[in-house]
Amino acid sequence: MDPRADSPIGVFDSGVGGLTVLDECLARLPAEDFLYFGDTAWFPYGDKSADQLRGRAEAIGNWLIAKGAKLVVVACNTATAAALAHLQTRLDVPVIGVMTAESHAAVQSSRSRRIGLLATEATVASGSYQRMIHAHDAGAEVTAVACPGLAPAIQRDNPFDDEIVEMVRDYTAPLREAGVDTVILGCTHYPMVERLIRRHVPADATLISSGEEIAREIAGTLARQGMLAPAGREGGYEFACSGDPAAFRTIGSRFLQMPFGDVQQVDPGIADGA
Ligand code: DGL
């Protein structure tokens with residue numbers, strides 16, 4: 001067994017969205033310890049440039065490793081699209097991102113080969129999902145919709161009001177017009193309003209999100225490297241963020257629905273990202 005087996009898994013997102021990934025990981029990998037970082041001072045990532053996101057993601061990765069992380073999970077589609085490859089070359093622990101597994105799952109689930117994507121502006125503009133889907137099925141028709149403002153609306157104090165309903169109705173309109181039968185929730189914040197989205201996409205559409213697949217990928221990677229925490233132990237989890245810890249704790253615990261503990265405030269800085 002690798003001596004790092006007892007070390008935590010580092011997870012990060014621009015805010016609370018990555019909790020939808022952490023939630024699956026806590027259920028599927030109960031022996032592991034997790035350290036979650038929400039980059040709330042930089043939120044939202046969706047309107048940042050790829051260069052900015054690479055520099056910030058590298059600094060966060062370095063901070064997680066300095067805290068002992070044996071593996072880093074980029075629990076954010078926007079950061080994955082901009083910085084996954086960069087992190088994999090810069091960090092000396094395995095780095096796992098979202099997107100690949102969802103693209104594959106979407107192609108497998110679609111019978112009509114009409115696939116919808118809801119994601120941030122930066123993720124849609126990167127073209128990453130479109131490329132990954134077409135790598136599995138070059139003939140699949142992808143309707144990609146950028147949803148500016150949706151992640152910030154989810155991450156505020158009370159997301160459930162008429163404004164968010166209107167936003168979801170508008171952003172899903174192209175998916176209804178295209179008659180998609182599969183919809184990728186291409187931002188880790190969006191599963192938090194899954195019920196709302198479900199009401200506005202075609203009734204038989206399958207919604208695909210990242211949590212479950214990522215937990216499986218983490219388990220496989222740790223097993224191959226002999227870094228799985230010893231079975232039978234009960235892991236723990238802790239939180240840090242770059243913005244206001246009290247606000248992060250309030251919103252985060254509402255979504256996680258588990259005890260949250262203290263939140264440490266940290267500024268990881270910016271790496272050169274080049
Ligand atoms: N949760 C993030 C994602 O998966 C991004 C939201 C944002 O910061 O704009 O894309």
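For ligands, and for the atoms within them, numbers begin at 1 and follow the listed sequence.
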Item to check | Heavy-atom pair with the smallest gap, counting every atom of A205 and T182 | outcome: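 Distance-wise, the nearest heavy atoms are CB-N, 4.4 Å.
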Checklist entry - Does some side-chain heavy atom of R156 sit less than 4.5 Å from a side-chain heavy atom of E163? => result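 A side-chain contact under 4.5 Å exists here.
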Item to check | Neighbouring residues of ligand 1, heavy-atom cut-off under 4.0 Å | outcome: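 Lining ligand 1 at under 4.0 Å, by heavy atoms, one finds D13, S14, F43, P44, Y45, G46, C76, N77, T78, T120, A151, C187, T188, H189.
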Item to check | Donor-acceptor side-chain pairing of T78 and T123 below 3.5 angstrom | outcome: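 Side chains of T78 and T123: pair found under 3.5 Å.
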Checklist entry - Centres of the F239 and F260 rings: under 6.0 Å? => result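 Yes, the ring of F239 comes within the 6.0 Å limit of the ring of F260, centre to centre.
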Checklist entry - Can the ring centres of Y129 and H134 be said to be less than 6.0 Å apart? => result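 No, the ring centres sit 6.0 Å or more apart.
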Item to check | Counterpart residues, side chain to side chain contact (heavy atoms under 4.5 Å, CB included), relative to R233 (two or more places apart) | outcome: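 R233: side chain to side chain contact (heavy atoms under 4.5 Å, CB included) contacts with A31, D33, A229, P230.
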